[in-house]
Amino acid sequence: MQRAILALSRELDDVDALLETAAQPFAGLALGPWPEGPALADALGRGALALPTIRCDLQVARLAVLCGSMVERGGPASAIAPALLERARPLLARARELVTLRGPEDDDAAPDMRDLCLRYPAQGRALLGAELTALALMTTLCRDKPTRIAARRTPGLAEDLEAIEDDARSAYYVRSLLETVDDLELEVIHVETRRGFRLRVSGVRSSFHLFTLIQGALIGDPAAGLLPGPAPDPEVVAVARGELRYCDASSDTAAWHYAQWTAWTPEGLRPGAIDASIWGEASPLQILPLRGVPTMLLAPKVLGARSWDVSFLGALHDAHRVELEVTARLDEAAVAERLAAMVRAGAD
């Protein structure tokens, strides 16, 4: 690893050498044999220390993807992810600058990177390194939830990724990963049985994704404290949990109408309540809070056989883990208390 770091510390001042390296970024990098166990973690630690010291963004990207390859081989993502995020942030911002600087007139033509690197040396190197850097971010952030949460809170990062997606395809997947939710606590109230649950979810891409996970976790034997409903397709649920990549089914179907708590009135559930629907394409972060806790109602269906494509459910990466944990069950008294709170909040 130390030999690779020394090689990557070399500045690429000559534009032709820069473009040649960008065309064959793995040339000269030792992508194996890999160390094992503690030695692999040590190598990643060396990479983390070296990342801030390398000036050329293309060389940073090559070191990043080398470390990402070690993570793919079993190295601890936590050893490199924080340093990679910190170093990737300015690199991606410079890459976005170049996309802006070259202007809309270049959008329909392949960019002349030689000319751009001569005119904008720093930004050119950044854009050349953006694809590899985003790949390394994807493989590490999928495996390291604390750094993924930190990335989600990093101002401007998602916007930079979106701006460079046409030039660095992997940026789309990183941005999509940042749009998932982690450690979101919410409550669901089943209106007909007056049962409720407090859930903690992570790795969830959309409310459609959340609906499938909820149906997979909560539908079952009422005698066991679960909810009545049509048995979910186990393969569809497995796809939603990230346990299966593909299944025979093309869609999932709603067992209930998923509604915001604002659909509850002093007279009970507002008829139809379409305006209070939780729309599946949206993020679960748009579920309205009741006393600080996002709360949804599981109500009788009003939209017929509402369904969604399984493409809403698939994992973004094999290493991206989806979690849904039932942290508490709410008995009828607790549900009644929450329904009364909805009425009070709706009157305010």
Side-chain angles (χ1 to χ4, degrees), residues 142 145 148-149 152 175-191 193 195-220 226-245 247 249-264 273-274 276-290 292-303 305-317 320-330 338:
C142 278
K145 185 190 295 184
R148 183 165 71 244
I149 292 172
R152 194 176 289 122
R175 183 172 64 85
S176 298
L177 182 65
L178 299 186
E179 291 174 351
T180 64
V181 298
D182 283 308
D183 293 336
L184 175 68
E185 293 203 0
L186 69 151
E187 290 187 351
V188 298
I189 305 294
H190 188 251
V191 173
T193 63
R195 285 178 174 169
F197 305 83
R198 181 175 279 246
L199 311 175
R200 181 185 297 115
V201 297
S202 287
V204 175
R205 298 174 58 186
S206 66
S207 290
F208 278 144
H209 192 186
L210 178 62
F211 298 164
T212 294
L213 291 168
I214 287 175
Q215 292 174 181
L218 301 186
I219 292 177
L226 297 174
L227 301 177
D233 184 325
E235 286 195 348
V236 171
V237 175
V239 169
R241 290 173 177 163
E243 300 166 354
L244 195 65
R245 285 296 270 178
C247 66
S250 61
S251 62
D252 195 12
T253 303
W256 308 287
H257 180 59
Y258 292 88
Q260 304 278 11
W261 65 262
T262 53
W264 192 257
I274 298 297
S277 299
I278 297 173
W279 300 111
E281 297 86 349
S283 167
L285 296 176
Q286 295 186 18
I287 299 171
L288 298 177
L290 176 70
V293 180
T295 302
M296 67 164 66
L297 300 176
L298 309 181
K301 290 194 286 188
V302 297
L303 294 175
R306 188 184 185 192
S307 61
W308 48 91
D309 195 274
V310 293
S311 62
F312 284 100
L313 312 180
L316 290 166
H317 190 283
H320 188 209
R321 295 291 174 256
V322 178
E323 303 166 6
L324 185 148
E325 177 187 3
V326 178
T327 60
R329 293 172 183 259
L330 309 178
R338 283 159 174 78

Novice: If the condition is side chain to side chain donor-acceptor pair (under 3.5 Å), which residues does His320 pass it with, not counting sequence neighbours?
Specialist: none
Novice: How long is the straight-line distance from NZ of Lys301 back to OG1 of Thr253, given to the nearest 0.5 Å?
Specialist: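 One gets 7.5 Å once the value is rounded to the nearest 0.5 Å.
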Novice: List for me each residue that meets side chain to side chain contact (heavy atoms under 4.5 Å, CB included) alongside Val239, sequence neighbours excluded, and say none if there are none.
Specialist: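 For Val239 the side chain to side chain contact (heavy atoms under 4.5 Å, CB included) partners, ignoring immediate neighbours, are Leu244, Cys247, Leu313.
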Novice: Side-chain contact test, heavy atoms from C-beta onward, threshold under 4.5 Å: evaluate it for Leu226 versus Arg329 and give yes or no.
Specialist: yes
Novice: Give, for atom OH of Tyr258 and atom CG of Leu210, the distance between the pair rounded to the nearest 0.5 Å.
Specialist: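 Between atom OH of Tyr258 and atom CG of Leu210 there are 7.5 Å.
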Novice: Does Arg338 reach the side chain of Leu330, with side-chain heavy atoms less than 4.5 Å apart?
Specialist: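 SC-SC contact between Arg338 and Leu330 confirmed.
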Novice: Which residues pass the salt bridge (Lys or Arg N to Asp or Glu O under 4.0 Å) test with Asp182, sequence neighbours left out?
Specialist: Arg148, Arg152
Novice: Heavy atoms only: give me the nearest Ala263-Ala276 pair and the separation to one decimal.
Specialist: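 It is CB-CB, 3.8 Å.
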Novice: Please determine whether side chain to side chain contact (heavy atoms under 4.5 Å, CB included) holds for the pair Ile214 and Phe197, giving the CA-CA distance in whole Å, both sets of side-chain angles, and the decisive distance to 0.1 Å.
Specialist: CA-CA 10 Å; Ile214 287 175; Phe197 305 83; over 6 Å; no
Novice: Got a sec, which residues hit side chain to side chain donor-acceptor pair (under 3.5 Å) with Ser251, two or more places apart in sequence or on another chain?
Specialist: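 By the side chain to side chain donor-acceptor pair (under 3.5 Å) rule, Ser251 matches no residue at all.
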Novice: On a heavy-atom basis, which atom in Gln260 and which in Leu288 lie closest, and how many Å separate them?
Specialist: OE1-N, 2.8 Å
Novice: Of all residues at least two apart in sequence or in a different chain, which pass the side chain to side chain contact (heavy atoms under 4.5 Å, CB included) check with Leu285?
Specialist: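 Applying side chain to side chain contact (heavy atoms under 4.5 Å, CB included) to Leu285 gives Val181, Leu184, Ser283.
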Novice: Could you name each residue pair satisfying salt bridge (charged side-chain N to carboxylate O under 4.0 Å, His left out) that touches residues 199-220, not counting sequence neighbours?
Specialist: Glu185-Arg200, Arg200-Glu325
Novice: Under the side chain to side chain contact (heavy atoms under 4.5 Å, CB included) test, which residues partner Ile219, sequence neighbours left out?
Specialist: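 Ile219: side chain to side chain contact (heavy atoms under 4.5 Å, CB included) contacts with Gln215, Pro232, Ala255, Trp256.
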Novice: Return the set of residues passing side chain to side chain donor-acceptor pair (under 3.5 Å) with Ser311 (not counting sequence neighbours), or none when no residue passes.
Specialist: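 Only Asp309 meet the side chain to side chain donor-acceptor pair (under 3.5 Å) criterion with Ser311.
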Novice: Roughly how far apart are Lys145 NZ and Arg321 CZ, rounded to 0.5 Å?
Specialist: 12.0 Å
Novice: Taking it one step at a time, do Phe312 and Glu281 satisfy side chain to side chain contact (heavy atoms under 4.5 Å, CB included)?
Specialist: CA-CA 8 Å; Phe312 284 100; Glu281 297 86 349; 4.1 Å; yes
Novice: What's the separation between atom CD1 in Ile287 and atom CG in Leu186, rounded to the nearest 0.5 Å?
Specialist: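 CG of Leu186 is found 5.5 Å from CD1 of Ile287.
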Novice: Go through Val310 and Thr212 one step at a time and tell me if the side chain to side chain contact (heavy atoms under 4.5 Å, CB included) criterion holds.
Specialist: CA-CA 10 Å; Val310 293; Thr212 294; over 6 Å; no
Novice: Determine which pairs satisfy salt bridge (charged side-chain N to carboxylate O under 4.0 Å, His left out) with at least one residue from residues 230-239, sequence neighbours left out, and list them in order.
Specialist: none
Novice: So, applying side chain to side chain contact (heavy atoms under 4.5 Å, CB included) with Trp264, which one of Thr295, Leu297, Ile189 is it?
Specialist: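 Of Thr295, Leu297, Ile189, side chain to side chain contact (heavy atoms under 4.5 Å, CB included) with Trp264 is met by Leu297 alone.
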Novice: Sequence neighbours excluded, which residues qualify as side chain to side chain donor-acceptor pair (under 3.5 Å) partners of Arg175?
Specialist: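 Only Glu165, Glu179 meet the side chain to side chain donor-acceptor pair (under 3.5 Å) criterion with Arg175.
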Novice: Got a donor-acceptor contact below 3.5 angstrom from the Thr180 side chain to the Leu177 backbone?
Specialist: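 Yes; judged by distance alone, with no hydrogens or angles, the pair exists.
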Novice: With sequence neighbours excluded, tell me which residues meet salt bridge (Lys or Arg N to Asp or Glu O under 4.0 Å) with Glu243.
Specialist: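 Per chain and number, Glu243 pairs via salt bridge (Lys or Arg N to Asp or Glu O under 4.0 Å) with no residue.
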Novice: Using a 4.5 Å cut-off on heavy atoms from C-beta on, say whether the side chain of Val326 contacts that of Leu199.
Specialist: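 Yes, close enough: below the 4.5 Å cut-off.
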Novice: Kindly say whether Asp252 contributes a backbone atom to a donor-acceptor pair with the side chain of Trp308 at under 3.5 angstrom?
Specialist: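 Pair absent, no side-chain N/O of Trp308 close to backbone of Asp252.
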Novice: Carefully, step by step, assess Val201 and Leu213 under the rule side chain to side chain contact (heavy atoms under 4.5 Å, CB included).
Specialist: CA-CA 9 Å; Val201 297; Leu213 291 168; 5.5 Å; no
Novice: If you define the side chain from C-beta out and look only at heavy atoms, does anything of His209 sit under 4.5 Å from Val322?
Specialist: yes
Novice: Under the rule for side chain to side chain contact (heavy atoms under 4.5 Å, CB included), what residues qualify as partners of Pro228, not counting sequence neighbours?
Specialist: His190, Thr193, Pro222
